[in-house]
Structure formats: C-alpha cells, structure tokens
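Here the structure comes first, spelled out in structure tokens, and everything after it is commentary.
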Amino acid sequence: MNLLIWAVVAYGMTTILVYGSIFNGLRNWIHKNAQPNMGLGLLTPVFSFVSDLIKCTLCTSTWIGFFLSLAYFSPNVEIIGLNKILAVFFDGMLSAGFVWAINAIIEWFEENRPSNK
C-alpha cells in the first residue's frame with residue numbers, strides 16, 4: 001500500500017510542478033532568469049538546470065523520486081533491502097517509471113474516450 005501511495009504522490013507532485021497553474025508565475029520567473037543575459041553570474045547555470053528540469057515530466061519525476069526517498073519512504077530500502085545511498089538513486093528511477101506509466105494510462109483514456117456524438 002505504501003508503494004501505491006508513493007507512486008501516486010510522485011505523479012501528483014510531478015504534474016503540479018510541470019503543469020500546475022499555481023506555479024505558472026514561478027516557472028516563468030525561473031525560465032526568464034535562466035537566460036544568460038540576465039546578469040546572474042554564477043546562478044545562471046542553476047536557473048538553467050531548473051528551467052530544463054521543470055519542462056520535462058520524466059526529469060522532474062526522477063528528482064521527485066530522490067526527494068520522496070529521502071523525505072518520506074524508500075521502496076527500495078523497505079521492500080528490497082538496498083543500501084540507503086543506492087536506494088535513493090533507484091527510487092528516482094522507480095518514480096520516473098511510475099509517473100511515465102500512470103501518465104501513459106491517463107493519456108490512453110483521454111485519446112480513447114467515447115465521443116458525445
């Protein structure tokens with residue numbers, strides 16, 4: 001049950017960060033500050049990295065997996081018994097896979113829903 005909750009939380013957090021309208025202003029600000037001509041010096045690469053990250057569902061979900069592994073629950077530690085350091089990496093990969101699969105299922109239903117004709 002914890003694994004299912006973990007996967008749904010990863011999907012929800014990823015979707016909100018990448019597509020949620022509540023973060024439109026923050027995303028636009030990050031994208032704007034990622035431009036090299038903004039004069040942020042050493043921070044420009046950080047903004048550039050985060051800007052690229054929040055454009056990509058797969059990328060964001062990987063980092064969400066890292067975060068969830070450290071802050072909430074590590075499926076690879078609890079279920080498989082991996083070393084915590086290794087588990088963080090594999091939890092990121094697991095999160096990316098879960099988010100991709102959930103998103104693929106949702107997109108399939110969106111494309112194949114009955115029309116109102």
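Values below: every heavy atom of this structure, side chains too, minus hydrogens, waters and symmetry copies. Note that the structure is predicted; figures quoted are calculated from it, not measured.
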Please list, chain by chain and in numerical order, all residues satisfying side-chain contact (heavy atoms from CB on, under 4.5 Å) with W100, sequence neighbours excluded. L58
side-chain hydrogen bond (donor to acceptor under 3.5 Å, both in side chains) pairs touching residues 70-83, sequence neighbours excluded, are S74-D91, N76-D91
Measure from the side-chain N and O atoms of T14 to the backbone N and O of A10, and report whether any donor-acceptor pair falls under 3.5 Å. yes
Establish whether V99 and V8 are linked, either directly or via other cluster members, by ILVMFWY side-chain heavy-atom contacts under 4.5 Å. no
So, Y11 versus W6, ring centres under 6.0 angstrom or not? no
If you look at every heavy atom in A34 and T44, which pair is closest and at what distance? O-CG2, 3.8 Å
Run the side chain to side chain contact (heavy atoms under 4.5 Å, CB included) check on F47 and W29 step by step: do they pass? CA-CA 10 Å; F47 278 100; W29 181 77; 3.5 Å; yes
Contact check, side chains of I5 and F73, non-hydrogen atoms, under 4.5 Å: no
Interatomic distance, CD1@I16 vs OG@S21, rounded to 0.5 Å, equals 10.0 Å
Quick one: hydrophobic cluster around F109, which other residues, with the 4.5 Å side-chain cut-off, linked directly or via members? I105, W108
Quick check on the hydrophobic clustering: are I102 and M93 connected, directly or via other members, by side-chain heavy-atom contacts under 4.5 Å? no
To the nearest 0.5 angstrom, please state how far the CD1 atom of I64 sits from the CG atom of L53. 8.5 Å
Indicate if V88 and I85 have the same hydrophobic cluster label, given that clusters are the connected sets of ILVMFWY residues with side-chain heavy-atom separations under 4.5 angstrom. no
In this structure, are over 12 heavy atoms from other groups packed under 6.0 Å from F67 atom CZ? no
Here the side-chain hydrogen bond (donor to acceptor under 3.5 Å, both in side chains) pairs for residues 52-65, sequence neighbours left out, are Y19-T57
Can you give me the closest heavy-atom contact between L17 and R27, atom names plus distance? O-NH1, 2.9 Å
Rounded to the nearest 0.5 Å, what separation is found between the CD1 atom of I106 and the CD atom of E111? 12.5 Å
How far does CG of N33 sit from OG of S51, to the nearest 0.5 angstrom? 9.5 Å
My understanding is that only residues two or more places apart in sequence, or in another chain, count here; which of them pass side-chain hydrogen bond (donor to acceptor under 3.5 Å, both in side chains) with N112? none
Under 4.5 Å between side-chain heavy atoms, hopping through other hydrophobics if needed: is there a path connecting V77 to L68? no
With sequence neighbours left out, what residues match T15 under side-chain hydrogen bond (donor to acceptor under 3.5 Å, both in side chains)? none
Would you kindly confirm whether L82 and L94 end up in one hydrophobic cluster when ILVMFWY residues are joined by side chain heavy atoms under 4.5 Å apart? yes
